[in-house]
Structures are given as C-alpha cells and as structure tokens.
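Each chain gets a letter, A, B and so on, in the order its sequence line appears, and its residues count up from 1.
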Amino acid sequence: MPELLEVEAYRRLAERAVGRVIAAVEAPDSWYLKGGLAAEELKAAVEGEKVIAARRRGKLLLLDTTGPALGLRFGMTGRLVLDGEAGVEELIYSSRRRDPKWDRFALRFGDSTRLAISDPRRLGGVLLDPIEAHLGPDAASITPAQLRSALVGSKAPLKARLMDQARVAGIGNLLADEMLWRAGLDPRRSAGELDANELRRPHRHLRATVAELGERGGSHTGDLMPARSRGSHCPRDGAALARDTVGGRTTWWCPAHQH
DNA sequence: ATTGTGGCCTGCCCGC
DNA sequence: TGCGGGCAGGCCACAA
C-alpha cells in the first residue's frame with residue numbers, strides 16, 4: 001500500500017509534470033474531493049495554473065502551482081499514473097489491473113498529457129491547499145530529537161504513536177511492524193515507557209528500514225512481510241509470531257525477541 | 001487533550 | 001462453476 005516509499009515514487013513521477021500548465025481538471029467522483037471541496041471550485045482554482053513543484057510530506061503528495069497547491073492522498077489502493085505510466089507497478093493489496101473507471105481524479109495539461117489517480121477502493125482523496133502543519137515531521141528525515149518528542153509522555157501503544165500522522169508523517173502498517181521487529185520492541189508497549197536507551201532504537205531502525213526497503217522497491221519488501229500469515233514463524237529466531245490488533249491495525253510481532 | 005473504536009470504500013481470495 | 005463471507009489499511013467521525 002502506499003506508505004512514504006510508494007508516495008516518494010509517485011513524487012518522482014509527478015516531478016515530470018513540473019512546468020506543465022493545467023488545462024483541465026477531471027473530478028468525476030465528488031467523494032474523492034475532501035474538505036468540502038466542490039469540483040467547480042477546484043477547477044476555478046487551478047485551471048490555467050502551472051505546476052511548479054512536486055513535494056512530499058509523509059504520505060501526502062503536494063503539487064505546487066502558480067496558484068494554490070494540490071494535495072494528493074492515495075489511501076492504500078491509489079496509484080499515480082502519468083501519461084499512462086504508473087509510479088509503482090506492484091501495489092500490494094490493490095488490483096494489478098488498471099480500469100479507466102477507477103480514475104477518480106486527473107489533471108489534463110496543455111500539451112495533452114495527463115496525470116491521474118487510479119484508485120479501485122476510493123480510499124484516497126484530493127485536497128486544495130492542504131494544511132501541512134497537520135502532519136508531523138517526515139519519517140524519512142525525522143531527527144532523533146523529533147522522534148523522541150513524538151513518543152515521550154504518551155500512554156498510547158508505541159505502534160499507534162508511530163502511525164499517528166500528526167506526530168510522525170509517513171509510517172503505515174507494514175513499515176511500523178517491520179521497524180519494530182528490527183528494533184526488538186513490542187508494538188503494544190506504551191510509547192512513553194521507553195527509557196533513554198531504548199528511545200534511540202526506533203530512530204535508528206526507522207532510518208535503516210526506510211533506506212533498505214526503499215532500495216528494495218517498497219514498503220512490502222520487508223523481512224517480516226513473508227511471515228504475515230497464520231501459523232508463521234519469526235524469520236530471525238524461529239519463534240511463533242503473534243498476531244493481534246494494535247492501534248486499530250493488524251499487527252504481527254515476535255514475542256521472543258520484541259520486548 | 002488523548003486514546004480507542006467503528007465505519008467507509010471495493011476487489012480479491014478462499015471454501016463450499 | 002458461482003456465490004458469499006472475510007479480509008486488507010488509511011482516514012475520519014465520534015465517544016469516553
């Protein structure tokens with residue numbers, strides 16, 4: 001599913017659209033426009049404007065224009081397609097097909113090219129002038145001090161806090177499980193319970209996991225990923241893996257080495 | 001304020 | 001072979 005690694009791939013794809021002028025907005029699905037945004041309002045705001053940058057904060061893709069910025073969200077099944085080319089080919093939990101009816105939003109440029117979001121399950125959305133301050137520091141560049149302050153003083157489970165986009169932006173379910181598995185930390189522990197020594201581990205493993213899975217090609221390429229099924233065992237020590245809901249999400253962890 | 005829960009979206013896979 | 005139930009997770013509304 002699109003976590004920050006996939007959205008970063010989308011950002012790189014969208015960067016090719018920098019310099020193009022938005023000739024028309026296609027918004028066939030009003031559900032997909034968030035924050036009370038109407039299609040007419042969106043058209044009036046960005047048609048005729050030029051794309052000047054493609055940025056990312058967490059899982060949010062930002063298209064800066066000479067007018068207001070556009071915020072693109074992908075949920076877990078959204079795919080960015082530019083000129084018929086997808087930013088990510090293999091999107092786990094989404095369909096491998098591409099059906100035109102799944103195009104929930106698109107920009108048509110003056111040179112007849114087109115940037116579209118194909119999203120079978122309509123879990124993504126489009127925002128006009130998103131408030132970036134609603135998102136915490138980006139997980140790929142967060143500092144140790146920033147991560148520490150995102151965790152201390154909280155009674156929420158460690159995993160829930162890591163996935164709270166207002167505290168740390170970009171960590172989804174798979175990345176959270178993978179980094180905690182690597183860090184040897186129990187996802188259910190209260191975030192604020194970590195001592196000074198333990199607090200260093202999430203940061204180190206977050207950075208390492210993001211870098212490594214980025215090179216491998218996405219958030220689904222973790223070492224724990226193949227073991228996310230019933231009756232499986234820890235790839236590190238062979239112990240039976242535990243499965244439960246933590247932070248509202250299906251969570252897999254190793255009771256033998258994650259404490 | 002913080003934390004937890006349930007619902008939304010819909011394609012796909014498994015078992016009958 | 002078709003069908004129905006369960007499942008996936010990002011986000012939001014809402015409750016305690």
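Nearest to the side-chain atoms of A:Lys59 among the listed nucleotides C:dA8, B:dC8, C:dC11 stands C:dC11. Distance from the side chain of A:Glu3 is smallest to C:dG10 among C:dG10, C:dG9, B:dT3. Taking only side-chain atoms of A:Met76, from C-beta outward, the nucleotide of C:dG10, B:dG11, B:dG4 with the closest atom is C:dG10. When the nucleotides C:dG9, B:dC9, B:dT3 are ranked by their closest atom to the side chain of A:Asn173, C:dG9 comes out on top. Checked against C:dG9, C:dC11, B:dT3, the side chain of A:Arg73 finds its nearest nucleotide in C:dC11. Listed nucleotides: B:dT10, B:dT3, B:dG11. Nearest to the side chain of A:Arg122: B:dT10. Distance from the side chain of A:Arg167 is smallest for B:dT2 among the nucleotides B:dT2, C:dG9, C:dC11.
A straight line from CG of A:Asp119 to C1' of B:dG11 spans 11 Å, rounded to a whole angstrom. The CG-C1' distance, from A:Leu162 to B:dT3, rounds to 15 Å in whole Å. The distance between atom CG of A:Leu60 and atom P of C:dC12, rounded to the nearest whole Å, is 10 Å. Taking atom CH2 of A:Trp102 as the reference point, atom C1' of B:dT10 lies 9 Å away to the nearest angstrom. A:Arg228 places its CZ atom 10 Å from the C1' atom of C:dA8, with the value rounded to the nearest Å. Between the C1' atom of B:dC8 and the CZ atom of A:Arg104 lies a distance of 13 Å, rounded to the nearest Å. Rounded to a whole Å, the CZ atom of A:Arg230 is 14 Å from the C1' atom of B:dC13. Remark: C1' of C:dA8 and CG of A:Leu174 are 10 Å apart, rounded to the nearest angstrom.
A:Lys34 comes within contact range of no nucleotide atom at all, as no heavy-atom separation falls under 4.0 Å. Backbone-only engagement by A:Arg243 is indicated by non-hydrogen atom pairs under 4.0 Å involving sugar-phosphate atoms exclusively.
Using a 4.0 Å cut-off between charged nitrogen and carboxylate oxygen, A:Arg11 and A:Glu6 do not count as a salt-bridge pair.
Side chain to side chain, A:Gln146 and A:Thr143 meet the donor-acceptor criterion of an N or O pair below 3.5 Å.
Residue A:Thr77 places no side-chain N or O under 4.0 Å from the OP1 or OP2 atom of B:dT10. At the phosphate of B:dT5, neither OP1 nor OP2 sits under 4.0 Å from any side-chain N or O atom of A:Arg249. For B:dC8, neither phosphate oxygen OP1 nor OP2 lies less than 4.0 angstrom from any side-chain nitrogen or oxygen of A:Trp31. Contact annotation: A:Ser154 side-chain N/O to B:dT3 OP1/OP2 distance is under 4.0 Å. The phosphate of B:dT3 has OP1 or OP2 within less than 4.0 Å of a side-chain N or O from A:Arg161.
Side-chain atoms of A:Glu26 and A:Leu107, non-hydrogen and from C-beta on, never get closer than 4.5 Å to each other. Using a 4.5 Å cut-off on side-chain heavy atoms (C-beta onward), A:Leu185 and A:Pro202 make contact.
Here the options are A:Arg167, A:Arg207, A:Arg56, A:Lys59, the test is salt bridge (Lys or Arg N to Asp or Glu O under 4.0 Å), and the partner is A:Asp138; only A:Arg56 passes.
The line from CG of A:Asp119 to CG of A:Asp29 is 9.0 Å long, rounded to the nearest 0.5 Å.
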